[in-house]
Participant: 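Questions regarding the structure given below will be posed in turn.
We count ligands from 1, going down the list as the structure has it; atoms in each ligand are counted the same way.
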Amino acid sequence: MLFTLEYAKQLDQEDILNRFREEFYIKPNSIYMDGNSLGLLSKRAERTLLESLNDWKEHGIDGWMSGNHPWFFLSEKLGEMMAPLVGGSANEVIVTGSTTVNLHQLVATFYKPEGTRTKILADELTFPSDIYALQSQLRIHGFDPDTHLIRVKSRDGRFLEEEDIIEAMTDEIALIILPTVLYRSGQILDMKRLTAEANRRGILIGFDGCHSIGAIPHSFSEWGVDFAYWCNYKHLNGGPGSVGGLYVNSKHFGTAPGLAGWFSSKKEKQFDMEHSLTPADSAGAYQIGTPHVLSLAPLLGALEIFAEAGIEKIRAKSLKINQFLMNLLEQELSDLGLKIGNPVEDVRRGGHVSLEHKEAARICKALKENGVIPDFRAPNIIRLAPVALYTSYKEVWEVVQILKKIMTDKQYEKFKNEREVVA
Ligand SMILES: *Cc1c(COP(=O)(O)O)cnc(C)c1O
């Protein structure tokens with residue numbers, strides 16, 4: 001079949017989530033394809049942030065326990081709102097820290113090298129911040145990261161094979177850290193299978209959910225995942241520097257936090273001011289210090305939208321609109337040297353399309369000049385993320401027409417093929 005503008009408009013009309021688009025601030029004459037890096041501001045997130053500012057204005061110190069959104073319980077309340085998105089119970093999720101800090105916390109808590117079981121298993125395609133954190137944790141324990149951080153190799157530089165990961169789960173491995181969705185290729189790892197294999201071998205397994213939270217459903221508790229962590233500024237639209245999230249399986253409640261602070265306390269004990277910590281008997285125990293209230297507040301509104309729309313419906317549209325993008329790319333651009341570098345099967349692809357081209361850096365600059373916001377990942381990837389809550393099929397159609405013109409007219413040649421400082 002031919003994928004036309006008329007068809008795109010028809011899909012927009014049939015889209016059961018289309019009413020959410022008007023809840024977001026969408027810049028005129030611009031098509032935002034970067035919601036997987038920084039989600040857009042919604043009117044509800046703006047409202048809850050302003051309400052929290054007002055609580056400060058009206059209540060001063062009493063904002064901890066009164067006002068619209070009492071700050072003392074905000075991380076727990078948001079954990080409860082976020083739990084359905086990861087498939088955990090309310091007390092298994094807490095909104096705290098940032099991705100990298102939460103990874104440090106979870107490794108400090110759950111990495112317990114013993115005897116010959118001393119190594120950490122990760123993969124060679126993982127996001128650098130995660131690798132830096134793991135290397136530094138190994139050093140703190142007196143191990144050499146060159147020998148103790150095992151990185152599963154990719155066969156093609158894009159994807160990881162579950163078989164290869166399972167083969168690397170040897171009796172020297174104490175802990176496994178893997179992404180839910182790979183940040184470049186958008187591949188979803190089979191978390192259920194990997195968790196079952198890790199559990200069977202008595203190895204703890206944790207996932208980085210940055211690229212899947214808010215884009216795909218998860219069943220962490222059902223699968224037996226030990227822990228997970230993620231950021232809330234990508235698909236969840238919590239705002240730049242938004243506070244992150246973590247999940248700890250209830251079977252681990254009571255494990256003392258590796259990095260403790262007074263916010264690790266049982267709520268009712270915290271202000272006893274004792275010098276011996278009584279940790280919360282929930283994921284709340286893995287908080288450290290005072291929550292960043294103004295970076296939590298937008299999530300209250302942002303998560304309302306997810307509860308209303310439903311993660312299953314969001315996933316269904318995400319699959320469909322990403323498929324539409326791939327179909328159009330194939331129809332319009334197949335001879336122009338752009339290669340789809342994400343998995344094409346539904347069960348293995350996340351929330352973005354990954355396009356490979358050796359001129360990717362300058363093609364991204366040409367897209368921006370034409371009002372399309374993509375992102376570039378070195379060395380050769382253009383990521384395009386049509387987002388279920390606010391991208392229209394018509395916009396996807398327009399993006400492909402713009403990209404086609406850039407490629408046929410070689411418009412990218414006037415830019416340098418180098419990334420910007422922030423890519
Ligand atoms: C975005 C992202 C991060 C970012 O971590 P911060 O601590 O929020 O800076 C880490 N890991 C992955 C896989 C990411 O996609």
Participant: Return yes if a side-chain donor-acceptor contact under 3.5 Å exists between D226 and H252, otherwise no.
Facilitator: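 Their side chains do contain a donor-acceptor pair, which is all the 3.5 Å distance test asks for.
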Participant: If you take all heavy atoms of K416 and R362, which pair is closest and at what distance?
Facilitator: O-CB, 3.6 Å
Participant: Compile the protein residues with any heavy atom at a distance under 4.0 Å from an atom of ligand 1; present them by chain, then by number.
Facilitator: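 Around ligand 1, where the cutoff is 4.0 Å for heavy atoms, the contacting residues are S98, T99, T100, F127, D130, D208, C210, H211, C231, Y233, K234.
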Participant: Which pairs pass ring pair (Phe, Tyr, Trp, His ring centres under 6.0 Å) with one or both residues in residues 158-210, sequence neighbours excluded?
Facilitator: F127-Y183
Participant: For the residue pair F271 and W262, is the inter-centroid distance of their aromatic rings smaller than 6.0 Å?
Facilitator: yes
Participant: The criterion is salt bridge (Lys or Arg N to Asp or Glu O under 4.0 Å); which residues satisfy it with K365, sequence neighbours excluded?
Facilitator: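 Here no residue qualifies.
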Participant: By salt bridge (Lys or Arg N to Asp or Glu O under 4.0 Å), which residues pair with E197, not counting sequence neighbours?
Facilitator: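 Checked E197 against salt bridge (Lys or Arg N to Asp or Glu O under 4.0 Å); matches are R200, R201.
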